[in-house]
Amino acid sequence: MKRALISGITGQDGSFLAEFLLAKGYVVHGIVRRASTFNTERLDSIYSDPHESGARLFLHYGDVTDGAGFRRVLEKAQPDELYNLAAQSHVRVSFDQAEYTADVVATGTLRILEAVRDYAAVGKSIRVYQAGSSEMYGAAKPPQSESTPFYPRSPYAASKVAAYWYAVNYREAYGLFVSNGILFNHESPRRGETFVTRKITRALTRIQCGLQEKLYLGNLDAKRDWGYAGDYVEAMWLMLQQPSADDWVVATGESHSVREFLDVAAGYCGLDWKKHVEEDPRYFRPTEADFLLGDASKARSKLGWAPRISFDGLVRMMIEHDRDLACQEQTLTAAGHKVVRRGISHPRTL
Ligand code: NAP
Ligand code: GDD
């Protein structure tokens, strides 16, 4: 059985990747941050007690800001493949927490690569996936491919660029198998609620159910190449099955503005979003990546990868999921239960 270690396993991508690898027969180890509340909700459907026979998913406390702890997990997990997905992944938040973002995203990657380098020096080789981002292109002219020069526009993006180059350097300097995936935005019903797609689908379905009236947003003109997260984790895995390490753009090749996302999502809710959406300057970024559009021809031809879910299918999937949540909330409220109101105007909706 192959063994994988995933940092960031509790996130959107980590949970999809864990499912994908378990279905392929892997033993999967994941790194979980200690929190005062449970943060493993996305793994609930695949987690079983490690005492049960046949358990193949194992979680370890860790943090990529703690190199010594990470090395101990590496020794325990003994992985063939390591997927570094851990990140402070919110671009707007990275302007408020720039140093922390750099510590996790850039130096966190370096700590992992150093551990892998030492591990390789004693004859244990691992294939590493490094989670790069289309944000690294920032202001670069679209369409963006592996040969497009980076032009990061946020502390998050600059940190991802540093992590990208650490990965390239460790590949060239020490012969490590480290592949950079340069993934364009990918979403799902598991997307964090502070990212624009999920913020929109949560709010519009709540508005449809009479649970809220307004949705406050920032830049509606930004364009993103949005795909489905479930499709993208397969590309991560394919990168590590290649004969040699490389850098890969993963994208749909279609870009839509936030406004267009609103049009389609509101269409599924039978709403006119213009009656509900208001602009709030706090959601604008000091510098923005205006237009991201990926050219994934290399991944298509060499990995044989292609997205399965269309933009329209993605929006519909998210709306249907969030409508169920809103209906549950509506039913509880109507029955007199107090439901904690989530969403509008709370800082976490950045
Ligand atoms: P996400 O939902 O925000 O998940 C991030 C994960 O990293 C969570 O498990 C989080 O733990 C963990 N994490 C944060 N800080 C950490 C630390 N100091 N030590 C260890 N773990 C830490 O992000 P995602 O959407 O799944 O994205 C996965 C990776 O791909 C990230 O590196 C992201 O930057 C990158 N990426 C994402 C996209 C996208 O569109 N989704 C596109 C390109 C690249 P908690 O659950 O405890 O917070
Ligand atoms: N989050 C958020 N909230 N974004 C908003 C809002 C709002 O209220 N209003 C408009 N936007 C715009 C942002 O300015 C941005 O242009 C776009 O919506 C998408 O924002 P996010 O969903 O926060 O994603 P992102 O593109 O900044 O970053 C995501 O994708 C990257 C890949 O390109 C994250 O997942 C990153 O971790 C990832 O690397």
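Every heavy atom of this structure was used, including side-chain atoms; hydrogens, water molecules and symmetry mates were not. Counting starts at 1 for both ligands and their atoms, following the listed order. All values derive from a computational prediction rather than experimental measurement.
- Each of the following atoms of ligand 2 lies closer than 4.0 Å to a heavy atom of Ser89: 34 (C), 36 (C), 37 (O).
- Looking at Tyr156, Tyr100, Phe195, Tyr61, it is Tyr156 that brings a heavy atom closest to atom 33 (C) of ligand 1.
- Lys160 contributes atom NZ, which lies 10.5 Å from atom OG1 of Thr101 (distance to the nearest 0.5 angstrom).
- Checked against side-chain contact (heavy atoms from CB on, under 4.5 Å), Thr333 has the following partners two or more places apart in sequence or in another chain: Leu211, Glu329, Val339.
- At a heavy-atom cutoff of 4.0 Å, ligand 2 is contacted by the side chain of Arg191 but not by its backbone.
- Within the listing of ligand 2, atoms 9 (N), 10 (C), 11 (N), 12 (C) sit less than 4.0 angstrom from a heavy atom of Asn219.
- Of all the atoms in ligand 2, the ones that sit under 4.0 Å from a non-hydrogen atom of Glu288 are 13 (C), 14 (O), 15 (C), 16 (O).
- Residue contacts with ligand 1: His90 is excluded, as none of its non-hydrogen atoms falls under 4.0 Å.
- In this structure, of Ser89, Ala35, Gly11, the residue bringing a heavy atom nearest to atom 23 (O) of ligand 1 is Ser89.
- With a heavy-atom cut-off of 4.0 Å, Val104 touches ligand 1 through its side chain alone.
- Distances between N or O atoms of Val64 and those of ligand 1 include at least one value under 3.5 Å.
- Near Gly218, the atoms of ligand 2 lying under 4.0 angstrom from a non-hydrogen atom of the residue are 6 (C), 8 (O), 9 (N), 10 (C).
- Nearest-heavy-atom check against atom 5 (C) of ligand 1 across Ser94, Ala131, Ala87, Ser15 picks out Ala87.
- When only interatomic distances are considered, the shortest N/O to N/O separation between Gln88 and ligand 1 does not fall below 3.5 Å.
- For ligand 2, the atoms closer than 4.0 angstrom to any heavy atom of Ala222 are 16 (O).
- With respect to Glu81, the salt bridge (charged side-chain N to carboxylate O under 4.0 Å, His left out) criterion is satisfied by exactly one of Arg3, Lys24, Lys2: Lys2.
- Closest of all the heavy-atom pairs between Ala222 and Ala289 is CB-O, 4.4 Å.
- Less than 4.0 angstrom separates some heavy atom of Asn39 from each of these atoms of ligand 1: 47 (O).
- Between Leu85 and ligand 1, at least one N/O pair is under 3.5 Å apart.
- Below 30°, between 30° and 60°, or above 60°: for Tyr228 and Phe16 the angle between ring planes is above 60°, a perpendicular geometry.
- Looking only at atom types and distance, the side chain of Glu320 has no donor-acceptor partner in the side chain of Tyr268 under 3.5 Å away.
- With sequence neighbours excluded, the residues that form a salt bridge (charged side-chain N to carboxylate O under 4.0 Å, His left out) with Arg171 are Asp247.
- Counting atoms of ligand 2 from 1 in the listed order, those under 4.0 Å from a heavy atom of Tyr156 are 36 (C), 37 (O), 38 (C), 39 (O).
- Residue Asn84 has no N or O atom closer than 3.5 Å to an N or O atom of ligand 1.
- Checking only distances, Gly8 does come within under 3.5 Å of ligand 1, N or O to N or O.
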Inset, instruction - Give the C-alpha distance, both sets of side-chain angles, the deciding distance and a yes or no for ring pair (Phe, Tyr, Trp, His ring centres under 6.0 Å) between Tyr216 and Tyr283. - result: CA-CA 8 Å; Tyr216 297 96; Tyr283 301 121; 7.6 Å; no
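- Remark: ligand 2 atoms within the under-4.0 Å shell around heavy atoms of Ser133 are 31 (C), 32 (C), 33 (O), 38 (C), 39 (O).
- Ligand 2 is never approached by His186 to a heavy-atom distance shorter than 4.0 Å.
- Ring planes of Tyr129 and Tyr83: tilted class, angle from 30 to 60°.
- In this model, no donor atom of one side chain and acceptor atom of the other lie less than 3.5 Å apart for Tyr119 and Glu75.
- Of all atoms in ligand 2, numbered sequentially from 1 with element shown, those under 4.0 Å from a heavy atom of Ser134 are 32 (C), 33 (O).
- Centroid-to-centroid, the aromatic rings of Phe261 and His256 stay 6.0 Å apart or farther.
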